[in-house]
Structures are given as C-alpha cells and as structure tokens.
Amino acid sequence: MLRRLLPIALLLLPLSAHAAAGGAASVDDARLVGAASEPQNWLTHGRDYAEQRFSPLDQVRPENIGRLMRVWSYETGLKRGHEATPIVVDGVMYATGSWSIVFALDAKTGEELWRFDPGVPKAVGAKACCDVVNRGVAVYEGKVFVGALDGRLIALDAKTGKPVWETVTVDQSKAYTITGAPRVVKGKVIIGNGGAEFGVRGYVSAYDANDGKLVWRTFTVPGNPADGFESPALEKAAKTWSGGEWWKIGGGGTAWDSMAFDPDLDTLYVGTGNGSPWSRVHRSPGGGDNLYLSSILALDPDTGDLKWHFQTTPGDNWDFTATQHMILADLEIEGKPRKVLMQAPKNGYFWVIDRETGEFLSAKPYVEVTWADGVDPKTGRPHETGTANYGNGIAMVKPTAFGGHNWQPMSFNPETGLVYIPAQEVLGAYRFNPKEVLTAEHFNTQTDLAPFATLVREIVSGHLLAWDPVKQEEAWRHPYAMPWNGGTLTTAGDLVFQGTADGRFIALNATDGHKLWEFHTGSGVIAAPISYAIDGVQYVSIIAGWGGAFALVGGDAAAQGGTPSKGIVHTFALSDQAITSAVVEELLASRDPALAKREDLYHRWCARCHGVTAVGGGAVADLRHSTPDMKKAFVEIVHKGMPGVGMPSFGEILTEQEIEEIQTYVLGRAD
Ligand code: CA
C-alpha cells in the first residue's frame, strides 16, 4: 500500500521536483516534449509545445493571494514595447527587451548574469509596422536563440551570452523584420518574419540548432508563376490569386508570431498573416481566396512540407492575420475526445479545428463581428456580409486591424476548461487609398489612416474574456477601459494573471472571474506572465513596458495608458514563502559591518520618531531630505535637542562620534 502511495505523494509535490536540474545545456528534445511535466520550469515560449500557458503550480491560490508580494525587479533600461515571455530553465531566466536585447537573470534574485545587445541599426525601426519589439527566446542544448529585428537569427552561449553563430534569415534590402520568439523542434530552430505592411513575401524557415545552416524554407504565398513554384502546395495556392502582379508587392502572409508542435502527430503548426497590401482590389483583382494568407498551416517539421491548411479569412481585406496564439488541447466534443487546435485570430471568430486533419469543428464570434454573419457549418468558411467592402467610401468594420485579439497570448486551463483571451473592441474605418503607390520596402497597405485616426479615441475598450471552447460561449468577462492589455497565464491554483494597458498586474479567480489582487507596474503591460518554482517557492513574473502597435497608432487613446514606456521585470511570491528566517539571516549577514553598526545605533535611538531606515514612513519628517542648514547643524541638534519641536537632547547618552556615525547613516540613506 505504501509503495503505491509513494509515487502519488511525489506527484503531489511538484515544487520539490528538481530531477532535471541540469540547466540550459540539458534542455534537449526529451525535455521539450515533456515540458508540461516540469512545473518548476517554463522551457518554451508557451510553456510547452501545446502552448497552453497553464502552470501546474498551486502554491498561490485565491485564499492566500493577498500575501503575494514583489520579491525582486529588474529594470531593462529600455523604452518602447516589451512583449517577451521569459523562459526559465532550472533557476535561470532568459528574456528580451525592445531592440532584440537579451538578458539572463538569476530567477530567484533578479541578479543579471549577462546581457547581449545584437546591435540592430536604429534605422531598421522604420521597417517595423508595430514597434521595435521582441517576444522572447528559445533555449536548447546550451544555446539561447533570438531573432533580431534586422532579420538575423543569433545563437548565444547560455552560460556567457556570447554569440556562437548568427545567420541572416531575410533579404535585408527589403522591409523584413523579426519580432517573434523562435521555437526549437527536433534540433531545428524555427523562425518566421514580419513585413506584410511593407510589401514582402512571407515564409518560415528551419535552421540547424548546432551550426545555423538552413534546413528548409516554406513560403506562405506563391511567387511569380513565370518562375515556377517551389512546391505543389504553392502551385495550388497560385490558382487562388487572380489578375494581379502580387509577386511585385510581396503578397504578404508573413508568419510573425504563432507556432505550436504536436510530437505525437509530428506536426508543426504555423499561423500566417494578412495580405500585402491590405486591400485585395489590386492584390488580386480577379478575386480568389489568396492562399495561404490568414491561415493555419500544418507542416512536416523535418521538411517544411504542407500537410493541410485552414484559412480563417479567405481573401483577406482587413489585415485579419491568423498569426494569433494557437493552443493544442484534447477536448470532448459531442461525446467524442478530439485532438483540437484553438485560435482566436484578429477576425473575431474563435476556431476549434481537428489538429490531425484540419477538419473544421466549430467557430463562434468571441467579440462583435460585422464583416461576416456566420460560417458554413460544414466547411467553416466565413460568409461575408459585404458591408465591409471598402472602396472610395468608408466601411465601418468590426473587428479591425488591431483584432478582436492580437498577439498577446491567450491561455487554457484544463481544470476549468476555459480559454482566457485578451479580447478587445476596436471599430475600424477603412477607406481605399488610391494615391498610395504600391512599392516594396515602404509602408504600403493601400488604406487610409485618416478615418481611423479621427475616431480612435472614442471607440476602444478591452476585456479579459473567459471562453468555453466546447460550448463556444462566454463564461465571464472582466472589463477594461482600454484595449491592448497583456497576455494571460492560468494556474492550477485556480488563478488567471494579466497585465493591463493602464499599468497594473492583476489576478482573477479562474472559475468565476472575481478580481482578487493587483499591483501597480509603473508602465503599461502588453507581455504575458509566467510562473515557475525554485527551492519549493512558486514565483510569478511579468515584464512591464508599454508599446507595440496600439501605442503607435492609437494616438490619444493610447496615451491614456500606463505610460511612461519603461521596461521592468517584476517577480512575485507569497510573503511567507519568500521571506523565511534563512532569507532574513542572509540579508543581515550581507550587511557591511560598519554600516550595520551605524544602522543599529540609529534604530536604537532614532527610529521610533524618524522611522526605520530613516524613511519617515510618510508620517514624520523624512530625515533623508532635511535642509542643508539642518544637515550642517546635525551634531549640535542631536547633542542639545530642540525641545520646542519635541526633539530630546542626546548629549548625555551618545558621544559626538556616535552622533556622527548616525549622521553618516542618514546621509547614506539619501543616496
Ligand atoms: Ca499586419
């Protein structure tokens, strides 16, 4: 009986599971495939290949979250959007800030271990549609991989942060950028790129993790038919483009963010972006679905060959990308267990498809949708209303290019059965801009920003949406005044965490949406939180740093957010877990002996009126900021006292030298 209980008891103590404590060097295929069973780590972008962003840690719960406190913070020293999900491997955190800058931190203390600046030329910022952001790194066999904004893929030594290899993944004369996090699948680093607003042709590539050699490249849209096609899949796709010379203006379909991998099905899933230009009138004047824009592609991870595709917006006309986060899960649908893929792309529908075959299972609007009035129940093809076709007139469309949900990752909690979507309501006003000359390399959507800019302040809001993917209906929502809030994390502690555009980090009950806790982050949050554990303590971490597409295009509405733009990693734990007697002893032991003597003197004689650590506590005069005259007269005042204001004389108690020691302490506190 005991023997049977023992492994179960061990399973119930995931916090103490340090079986695989080998660090970045030991992150191999087996650990990545089993990432979900390492609760103490966050080994890949979405925590595991299924990208569920569900942490099995449950030390922090609704009952004790009042004791959740910040235990360390790290200022990145960078402005502009911070979109990274950190990776945590055996106590070390690897993350990125703006400008593709990578840093490694001690995940227990926040101490910087190394920092790497890839030196992206600042002029590259003008090629980025949506800020100079980066969504994080991948870690594999002792290396940290980052896609730099200028299109380089760089492998760093995980111990030192020194480059091991780098390769240019794009034609740098064109407006390609990389903002997405790489994934490592079967020894290959998978990376896409962005640029569909600037006339590029989308693709995804796989590089050998050892040496950076290109293994395969899969284009997402066809090139010039006169040049022949790279694959039968692209030959088939070309039949869905008609009448235009799309290859001269790229076509788009950039794979700039979402990926997932199913090791059992040996299938890599990649989401593709919008058409280039946005307007289909010139891109493909003869009509057609324009494959594989706005699609989910199922690829063979060894060759990049297409197994199947599912297009969420045929003939995209509105920047309705399908690059939004995809989650793999096993759900019971109509009494049958199904291996599904879920996505809430920009177009406003929540899709559930069979991830083995690409078969459509269900779709329902998760926000207000006006461009379509439903989907074909058999094929899942959306039925356009026609009201969203824009020419010289203005078409009012919901959702818009910001999406009902954008890149900010959603999460899935298998215990509540709910998906937590950073949803938003932004009304779009589209107008065709015939004056915009179609060229590669320049911003190039053929739509006019002016109608949007005139009303953006009035028509925006956001909410955290808890969505039941089986019933395809809302379970609950938590409203925000602004859109463009951060990604979500859900935990086995029945919690959902999310940062907000107005600069808060909040926790809600995952079952009913009741708000339980909040922390002011000092800048708007757009990134997604993570959770990990070290030495039996559960940590929750979030990177604040306002920016991204809405900050740039949202104008006045965005300026209402949690500015200033400032990158800070905030990490939290329960106070009784984080502040143990051992921690206090360690802190005391680390005090400089001379400082300790002065501090003890101050605490004995001064603290009861002037506050511990001389801060004043907001109630009494703050000694750190007393006037120069007072500072000059310090020894005399303490010696003689100032009876009129209640300051006693210490002439009989303290020597002149002791008073000087106290003054040295107080002046030191003002630094
Ligand atoms: Ca776009």
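No hydrogens, no waters, no symmetry mates; every other heavy atom, side chains included, goes into these values. Read the numbers this way: they start at 1 and go in the same order the structure lists the ligands and their atoms.
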| query | Taking the six-membered ring for Trp, are Y292 and H309 parallel (under 30°), tilted (30 to 60°) or perpendicular (over 60°)? | reply | perpendicular
| N, O or S atom within E197 nearest to the Ca ion (ligand 1), by name | OE2
| said: Nearest N/O/S atom of D319 with respect to the Ca ion (ligand 1), by atom name, please. | reply: OD1
| task | Could you tell me whether K122 sits above the aromatic face of W99, with NZ or CZ closer than 6.0 angstrom to the six-membered ring centre and within 45 degrees of the axis? | result | yes
| said: Any N/O/S atom from N274 (main chain or side chain) under 3.0 Å of the Ca ion (ligand 1)? | reply: yes
| request: Determine whether the aromatic ring centres of Y349 and Y366 lie less than 6.0 Å apart. | output: no
| request: Could you tell me whether H463 and Y480 have their ring centroids closer than 6.0 angstrom? | output: no
